[in-house]
*Asks:* 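Below are the structure tokens for one structure; questions will follow.
Letters go in sequence order (proteins before strands), and every chain restarts at 1.
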There are 2 protein chains.
Amino acid sequence: MRTEAREETKRKFIDFLEEKNLRITDQRRIIIDIVFDTEEHFTADQLLEWARQRDRSVSRATVYRTLPLLTESNLVHEMDFGKPYKFYDPNYSDHPNHNHLICENCEKIVEFDSEQIDSIENEIGQKLGFTVKSQKLQLSATCDKLKKSGVCDNKASN
Amino acid sequence: MRTEAREETKRKFIDFLEEKNLRITDQRRIIIDIVFDTEEHFTADQLLEWARQRDRSVSRATVYRTLPLLTESNLVHEMDFGKPYKFYDPNYSDHPNHNHLICENCEKIVEFDSEQIDSIENEIGQKLGFTVKSQKLQLSATCDKLKKSGVCDNKASN
DNA sequence: ATAAGTGCAAATCATTTGCAATGTC
DNA sequence: GACATTGCAAATGATTTGCACTTAT
């Protein structure tokens, strides 16, 4: 089931490329497979590394040229955590309204949805005379276990 | 009253420098005056430009070296809107919980507070097992006037 | 055939840093 | 006088781009 969902997302991206008369090259196929087979957030650099494990010929330029296509298609979400490089989220189409909590200790990123926040946002937008198009909520936090035991549970799973 | 508040903030920053055994130079004094005399959000580049209007000798390096001091002191807030440069918010200490709405059309930044959102955030953090330390909520939006009349009200005031 | 895509290397651009000179405490 | 600070120019690091060659359609 999980797998089927991913395959469908890949299909959607390929359709997106075809609609724009863009070509499905070996390099793009590799990148697509990697991006939609992972559940993790990744950086351009990580994606390049993974792609090169499958095919050494994939270049940094191609990765950087493909990333904007992925975000344009709305199947991948670009995120800025104040670091000098961007993060990409391949689970975006499943949960287009999710928000992020980052552990200050281990940088683990936790996603969550909140309809409550969504509705407050729209309300605020209205009050200010705007139509809210998209939202980003980032919480920085420390996990409670860390404070109690001095060990961050998430360290391992990151 | 507005003016007094600003002067107090300057004072706080100078205290901060003194506590760290850092020196109060002409360049820093100029930067401090500019930063806390404005209500606008600014970039490093804008700050440099403003500073140079008062004293041509202020260098880019000094601006970039002073900015981290300002954010460390918690009197100025650094913000990332996904652009390749950062924005700085000099009103942070007045409203440490404020959130931002950016007009997609004119890049005008509107601030707002929301106790509702604050409390939901804490609730979510708890549920996930975290203690929320800080939060960033950014809304991208288009103003309603723009859609109706084709003119964005905020264009002028930006 | 033709227009899009690729790798490479060079270019950008915001930000950072080494260094010798200068200023503050 | 000791040590922080400055301006300058060079370095960094992520991302972008020009170009000549290659490939998908």
*Asks:* Can you name the residues that form a side-chain contact (heavy atoms from CB on, under 4.5 Å) with B/D80, not counting sequence neighbours?
*Replies:*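 Only A/D80, B/K86 meet the side-chain contact (heavy atoms from CB on, under 4.5 Å) criterion with B/D80.
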*Asks:* Output all residues satisfying side-chain contact (heavy atoms from CB on, under 4.5 Å) with A/D33, sequence neighbours left out; order by chain, then residue number.
*Replies:*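 Listed in chain order: A/K10, A/D37, A/R54.
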*Asks:* Measuring from atom OG1 of A/T66 to atom CG of A/L22, what distance do you get when rounded to the nearest 0.5 angstrom?
*Replies:* 10.0 Å
*Asks:* Test of understanding: with salt bridge (Lys or Arg N to Asp or Glu O under 4.0 Å), list the residues that count as partners of B/R11, not counting sequence neighbours.
*Replies:*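 With neighbours one apart ignored, the set is B/D15.
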*Asks:* Looking at residues 43-59 of chain B, who's got a heavy atom less than 4.0 Å off DNA chain D?
*Replies:*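 Close to the strand are B/S57, B/V58, B/S59.
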*Asks:* Mind checking what makes side-chain contact (heavy atoms from CB on, under 4.5 Å) contact with A/R60, not counting sequence neighbours?
*Replies:*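 Once residues adjacent in sequence are excluded, the partners of A/R60 under the side-chain contact (heavy atoms from CB on, under 4.5 Å) criterion are A/D45, A/L48, A/Y64.
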*Asks:* Atom CG of B/L70 and atom CG of B/L75: how far apart are they, to the nearest 0.5 Å?
*Replies:*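 So the CG of B/L70 and the CG of B/L75 are separated by 7.5 Å.
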*Asks:* B/L47 and B/Y88: side-chain contact (heavy atoms from CB on, under 4.5 Å), yes or no, with the steps?
*Replies:* CA-CA 10 Å; B/L47 177 54; B/Y88 296 88; over 6 Å; no
*Asks:* Both B/T62 and B/N21 contact DNA chain D. Taking the nearest nucleotide for each, which residue is further toward the 5' end?
*Replies:* B/N21
*Asks:* For the pair made of CG in A/L69 and C1' in C/dT6, what is the distance, rounded to whole Å?
*Replies:* 14 Å
*Asks:* Any salt bridge between A/E7 and A/K12, counting N to O under 4.0 Å?
*Replies:*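 The answer is no: the pair does not qualify as a salt bridge.
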*Asks:* Just wondering, do A/I24 and A/I32 contact through their side chains at under 4.5 Å, heavy atoms?
*Replies:*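 Answer no - side chains too far apart.
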*Asks:* On DNA chain C, compare the nucleotides closest to B/K86 and A/L17; which residue's is nearer the 5' end?
*Replies:*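 That would be A/L17.
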*Asks:* Under 4.0 Å, heavy atom to any atom of DNA chain D: which of residues 25-38 of chain A qualify?
*Replies:*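 Correct list: empty, so none.
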*Asks:* Find out whether B/V76 and B/F36 are in side-chain contact, i.e. whether some heavy atom of one side chain is under 4.5 Å from a heavy atom of the other.
*Replies:*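 SC-SC contact between B/V76 and B/F36 confirmed.
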*Asks:* Only counting residues at least two apart or in another chain, list the ones meeting ring pair (Phe, Tyr, Trp, His ring centres under 6.0 Å) with B/F16.
*Replies:*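 B/F13.
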*Asks:* Measure the CD-CD1 distance between A/E115 and B/I120 for me, rounded to the nearest 0.5 Å.
*Replies:*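 The CD atom of A/E115 sits 11.5 Å away from the CD1 atom of B/I120.
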*Asks:* Answer yes or no: is there a side-chain heavy-atom contact under 4.5 Å between A/Q116 and A/E121?
*Replies:* no
*Asks:* Report the residues that fulfil side chain to side chain donor-acceptor pair (under 3.5 Å) with A/E72, sequence neighbours left out, ordered by chain and then residue number.
*Replies:* A/K20
*Asks:* Rounding to a whole Å, what distance do you find between A/Y85:OH and C/dT15:P?
*Replies:*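 Answer to the nearest Å: 16 Å.
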*Asks:* Using the C1' atoms of the five pairs at each end, what is the angle between the end axes of the helix from C/dA1-D/dT25 to C/dC25-D/dG1, to 10°?
*Replies:*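 The value is 30°.
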*Asks:* Taking for each residue the nucleotide of DNA chain C bearing the nearest heavy atom, is the 5' side occupied by B/I24 or by A/R23?
*Replies:*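 Taking each residue's closest nucleotide, the earlier one in sequence belongs to A/R23.
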*Asks:* Walk along DNA chain D from 5' to 3' and tell me the first and last nucleotide with an atom closer than 4.0 Å to a non-hydrogen atom of chain A.
*Replies:* D/dA14 to D/dT25
*Asks:* Please list, chain by chain and in numerical order, all residues satisfying side-chain contact (heavy atoms from CB on, under 4.5 Å) with A/D55, sequence neighbours excluded.
*Replies:* A/I30, A/S57, A/V58
*Asks:* Enumerate all atom pairs, one protein N or O and one N or O from nucleotides 18-22 of chain C, separated by less than 3.5 Å.
*Replies:*
residue: C/dG18; atom: O6; partner: B/R65; partner atom: NH2; Å: 2.7

